[in-house]
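Written out below as C-alpha cells is the structure these notes cover.
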Amino acid sequence: MSYSVKWKKSDVKFEDRFDKYLDPSFFQHRIHWFSIFNSFMMVIFLVGLVSMILMRTLRKDYARYSKEEEMDDMDRDLGDEYGWKQVHGDVFRPSSHPLIFSSLIGSGCQIFAVSLIVIIVAMIEDLYTERGSMLSTAIFVYAATSPVNGYFGGSLYARQGGRRWIKQMFIGAFLIPAMVCGTAFFINFIAIYYHASRAIPFGTMVAVCCICFFVILPLNLVGTILGRNLSGQPNFPCRVNAVPRPIPEKKWFMEPAVIVCLGGILPFGSIFIEMYFIFTSFWAYKIYYVYGFMMLVLVILCIVTVCVTIVCTYFLLNAEDYRWQWTSFLSAASTAIYVYMYSFYYYFFKTKMYGLFQTSFYFGYMAVFSTALGIMCGAIGYFFTK
C-alpha cells in the first residue's frame with residue numbers, strides 16, 4: 001500500500017515567515033502601557049521622596065551652619081550632633097570582605113553593560129529570526145565587555161586598600177561564567193541521562209571554556225590594570241577614624257537584615273508584569289519581540305533601585321550604623337529573591353512541567369537569571385548611592 005502526500009504551495013513570503021508565530025494577542029500593548037505607567041508613577045513618588053529627604057537634611061544643615069557661625073568655640077563643641085553626622089569619620093571605612101564585594105560590583109557593572117547593549121542590538125536587528133542568535137550575541141557582548149568588570153572591580157578593590165589584586169581579578173573574571181557554566185553542566189548531565197535534545201555538545205562546552213580563559217581573562221586583566229592606575233587612589237573628603245566607632249542599639253526595623261528584605265519589594269513591583277511576558281516567552285515558547293518595552297522597564301528598574309537604595313542607606317546612616325556598603329548592595333540585590341519566589345508561582349500555576357529534568361532545567365536557569373539580576377541591581381544601587 002502506497003501513500004501519496006500532496007504539498008500545498010504556500011503564499012507566505014520568506015520575510016513574513018514569523019508572522020504567525022508573533023502572537024499579537026499575547027503582547028497586549030494596553031497591559032504593557034499600563035504597567036509602564038504604573039511603574040512611572042512609582043518612579044515619580046520615589047524621586048519625590050528622595051528629594052524631600054535630601055532637601056530636608058540640607059535645609060537643617062544650612063540652618064545649623066549659619067547658627068554655628070554666631071557661636072563661640074565652647075558652644076560649638078557642645079552642639080547637638082546626631083544621626084548620620086556622627087559617623088562621618090567611619091562612613092568611608094572599607095567594607096567587610098572587600099575582595100568578594102569588589103568582584104560582585106565589577107560583575108554587576110558588566111551585566112548591566114551586557115543587558116543594555118543586547119537590548120539595543122535586539123531593537124535594531126531582529127535577533128529572534130535565527131535560532132540561538134540572542135544567546136550568541138549575549139556571549140559575544142559579555143566577552144567583549146570584560147574590561148568593564150576589571151575596571152570597576154579593580155579600582156574599587158584598590159580604593160579599599162586591597163593587596164591581593166590578582167586573586168580579585170580571577171574571582172571577578174570567573175564569578176559569572178563559573179555560575180552559568182556550573183549550572184549548565186549540571187543540567188547537561190541530567191539531559192544526557194534522559195537522552196534529551198537539550199543536551200549541550202561537548203565541543204560547545206570546550207569552546208565556552210576557551211572563551212573564558214583566552215578572551216575574558218586577558219580583557220579583565222587589562223581593565224583591572226586600567227582601573228587600579230586611573231581611579232584606584234582613595235579620595236575621601238574626610239579622614240577615616242583609626243578606631244571604629246561602636247554601633248548603638250537601634251529599633252528592629254533599622255537593622256540591616258530588615259532593610260535588605262524590604263529593599264527589593266518596590267524594584268520587583270516595577271518589573272513583575274514584564275517578568276510574566278519574559279517567562280512566558282522563554283518557557284511557553286512564545287517569541288519575545290517588544291524590546292522597546294524591555295528598555296523602558298530596564299530604565300525604570302534602574303531609577304527605582306537607585307531611589308530605594310538611597311532611602312535605605314539614609315535610614316541606616318541616620319541610625320548611626322556605618323556598615324552601608326553591603327547594605328546598599330544587598331537591599332537592591334534582594335530584588336532577585338522576589339523574582340525567584342515569583343518563578344515558583346509561575347512554575348506551579350502557569351506551566352505544565354514535571355519530572356526531574358524539567359524541574360532542574362527550570363529552577364536551575366531561573367536561579368542563574370535571578371542571581372545575575374540581583375548582582376546587576378546591587379551594583380547599580382551601590383554606585384549611585386556612594
Side-chain angles (χ1 to χ4, degrees), residues 14 17-18 21 103 106-107 110-122 124-150 166 169-224 278-279 281-289 291 343 351 353 355-373 375-376:
F14 180 78
R17 65 192 185 280
F18 284 96
Y21 301 107
S103 300
S107 299
Q110 184 181 8
I111 293 173
F112 175 74
V114 171
S115 302
L116 190 63
I117 295 174
V118 170
I119 292 176
I120 292 175
V121 172
I124 299 174
E125 301 288 339
D126 295 331
L127 295 182
Y128 58 83
T129 57
E130 295 182 9
R131 181 179 179 87
S133 57
M134 180 67 73
L135 181 60
S136 301
T137 303
I139 294 175
F140 173 79
V141 174
Y142 184 86
T145 55
S146 295
V148 176
N149 188 340
I166 297 179
M169 180 199 65
F170 273 95
I171 293 177
F174 294 117
L175 182 64
I176 300 299
M179 178 185 66
V180 175
C181 294
T183 304
F185 292 166
F186 172 75
I187 297 174
N188 194 56
F189 290 141
I190 301 177
I192 293 174
Y193 176 78
Y194 282 94
H195 303 284
S197 59
R198 291 283 185 176
I200 303 174
F202 180 75
T204 304
M205 293 191 250
V206 174
V208 171
C209 293
C210 292
I211 291 174
C212 293
F213 283 101
F214 299 108
V215 179
I216 295 178
L217 184 60
L219 292 179
N220 200 291
L221 174 62
V222 173
T224 302
I278 294 175
F279 286 5
S281 299
F282 191 81
W283 300 112
Y285 304 102
K286 298 283 186 178
I287 295 180
Y288 191 95
Y289 60 93
Y291 292 99
S343 69
T351 68
M353 297 183 183
L356 175 62
F357 173 65
Q358 291 184 346
T359 303
S360 60
F361 188 85
Y362 177 86
F363 287 108
Y365 283 115
M366 284 309 306
V368 171
F369 172 79
S370 301
T371 304
L373 178 65
I375 294 174
M376 182 188 74

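Residues: numbered from 1 along the sequence shown. FYI, side chains are in, hydrogens and waters are out, and symmetry mates aren't considered; it's all heavy atoms of this structure.
- Contact of the Met205 side chain with the Asn188 side chain is registered, since non-hydrogen atoms from C-beta on lie closer than 4.5 Å.
- Val148 meets the side-chain contact (heavy atoms from CB on, under 4.5 Å) test with Cys109, Thr145, Phe152; sequence neighbours excluded.
- A distance of 11.0 Å separates CD1 in Ile120 from OG in Ser115, rounded to the nearest 0.5 Å.
- Here the closest non-hydrogen pair linking Ser103 and Leu175 is O-CD2, 4.3 Å.
- Residues Ile375 and Ser107 share a closest heavy-atom pair of CG2-C, 4.1 Å.
- One finds the CZ atom of Phe202 at 10.0 Å from the CD1 atom of Ile192 (value rounded to the nearest 0.5 Å).
- Ring orientation note: the planes of Phe361 and Phe357 are tilted relative to one another, at an angle of 30° to 60°.
- Contact detail for Ile187 and Gly364: the closest heavy-atom pair is CD1-CA, 4.1 Å.
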**OP:** Starting from the C-alpha separation in whole Å, work towards a yes-or-no answer on side chain to side chain contact (heavy atoms under 4.5 Å, CB included) for Ile176 and Gln110.
**Re:** CA-CA 10 Å; Ile176 300 299; Gln110 184 181 8; 6.0 Å; no
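- Residues Tyr142 and Pro177 have side chains in contact (heavy-atom distance under 4.5 Å, counting atoms from C-beta outward).
- When all heavy atoms of Val141 and Val114 are compared, the pair lying nearest together is CG1-CA, 4.0 Å.
- A donor-acceptor distance shorter than 3.5 angstrom exists from the side chain of Ser370 to the backbone of Met366, with no hydrogens or angles considered.
- Between Val215 and Pro218, the shortest heavy-atom contact is O-CD, 3.4 Å.
- Nearest heavy atoms, Ala143 versus Leu219: O-CD1, 3.1 Å.
- Residues meeting the side chain to side chain donor-acceptor pair (under 3.5 Å) test with Ser360, sequence neighbours left out: none.
- Residues forming a side-chain contact (heavy atoms from CB on, under 4.5 Å) with Phe170 (at least two apart in sequence, or on another chain): Ile166, Phe174, Leu217.
- To the nearest 0.5 angstrom, Leu356 atom CG is 4.5 Å from Ile190 atom CD1.
- Contacts of Ala372 classified as side-chain contact (heavy atoms from CB on, under 4.5 Å), with partners at least two apart in sequence or in another chain: Ile111.
- Side chain of Asn149 to backbone of Asn220: no donor-acceptor contact under 3.5 angstrom is found.
- Looking at residues two or more places apart in sequence or on another chain, you find a side-chain contact (heavy atoms from CB on, under 4.5 Å) between Met353 and Trp283, Tyr347, Thr351, Gln358, Tyr362.
- Among residues at least two apart or in separate chains, there is no ring-ring contact (aromatic ring centres under 6.0 Å, His included) pair with a member in residues 179-199.
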